[in-house]
Amino acid sequence: MKRGYFYSRKLHSLLGVIPLGFFLITHMISNYSAYEGGRESFQDKVALINGLPLVFFMEMFFIWLPLLYHGVYGLYIAYTARNNVGNYNYGRNVAFLMQRITGVITFIFVTWHVYETRVQVALGNITHEELGSHMNSIVTQPMMFIIYLIGVVAASYHFANGMWAFLVSWGITVGPRSQAISAKICMGLFVLMSTLFVLALFAFRGKEFEASAAAIHSLVTIIG
């Protein structure tokens, strides 16, 4: 293995956990607040995050640039990977294939989601206070809701299974027993994250966010 390729794979693995894993978990918690505490709780979380000092530069260097590298290099890995599930249908081989598939889905989904939310805020089409209502207008469309379900489940699996691979590749879990234990923990993490994300999606479809969306639409109509 060439040294440059070795370090590129290590950096790709590291960025998938730190900082992108932290970002995904933070995003999950803020979205889940919509289910747990409703619109007000969600808006409080959004205000807290966007009230951080130098938030633009923090997102640029700790989210968007790492995401770009991890995503683009991940597409290269997926394209060049040799999958042998058809010949050796072992659990880890299936997980290897699923990691590549969910990686492609996640990168496309996250890119599109960022465009629909953060980019629209930056363009001035919506405000941070309108994000909950904006999500309501998206996920109440049946096809969009299905896409979001697939996207959040794929992202959760990709991170959880990627965490298992990270622990192995960085020499943290070296033996079969430790790897088996970490596999169960990571799959438990996958189930937990998927559940919280899905509950958040159902919350955004709720009457509270729908009423908020209707109120904003009425205000825009009156002003217009």
Please confirm whether the ring centroid of [X] lies under 6.0 Å from the ring centroid of [Y].
| X | Y | answer |
| --- | --- | --- |
| His128 | His134 | no |
| Tyr79 | Tyr76 | no |
| Trp64 | Phe56 | no |

Problem - Among Leu131, Val139, Ile138, side chain to side chain contact (heavy atoms under 4.5 Å, CB included) partner for Phe204 - result: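 Exactly one candidate clears the test, Val139.
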Common cluster, [X]/[Y], ILVMFWY with side-chain heavy-atom separation under 4.5 Å:
| X | Y | result |
| --- | --- | --- |
| Phe62 | Tyr69 | no |
| Phe159 | Ile18 | yes |
| Val121 | Leu52 | no |
| Leu199 | Met28 | yes |
| Leu201 | Met144 | yes |

Exercise for the section: Determine, stepwise, if the pair His70 / Phe107 fulfils ring-ring contact (aromatic ring centres under 6.0 Å, His included). Expected result: CA-CA 9 Å; His70 186 82; Phe107 184 59; 9.0 Å; no
Exercise for the section: Can you tell me which residue pairs pass the salt bridge (charged side-chain N to carboxylate O under 4.0 Å, His left out) test with a partner in residues 47-64, sequence neighbours excluded? Expected result: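 Qualifying pairs: Glu59-Arg118.
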Exercise for the section: State which residues pass side chain to side chain donor-acceptor pair (under 3.5 Å) with Asn161; sequence neighbours excluded, sorted by chain then number. Expected result: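 Asn161: side chain to side chain donor-acceptor pair (under 3.5 Å) contacts with Arg92, Gln99.
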Problem - Residues in side chain to side chain donor-acceptor pair (under 3.5 Å) contact with Ser182, at least two apart in sequence or another chain - result: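 With sequence neighbours excluded, Ser182 shows a side chain to side chain donor-acceptor pair (under 3.5 Å) to Trp164, given in chain and number order.
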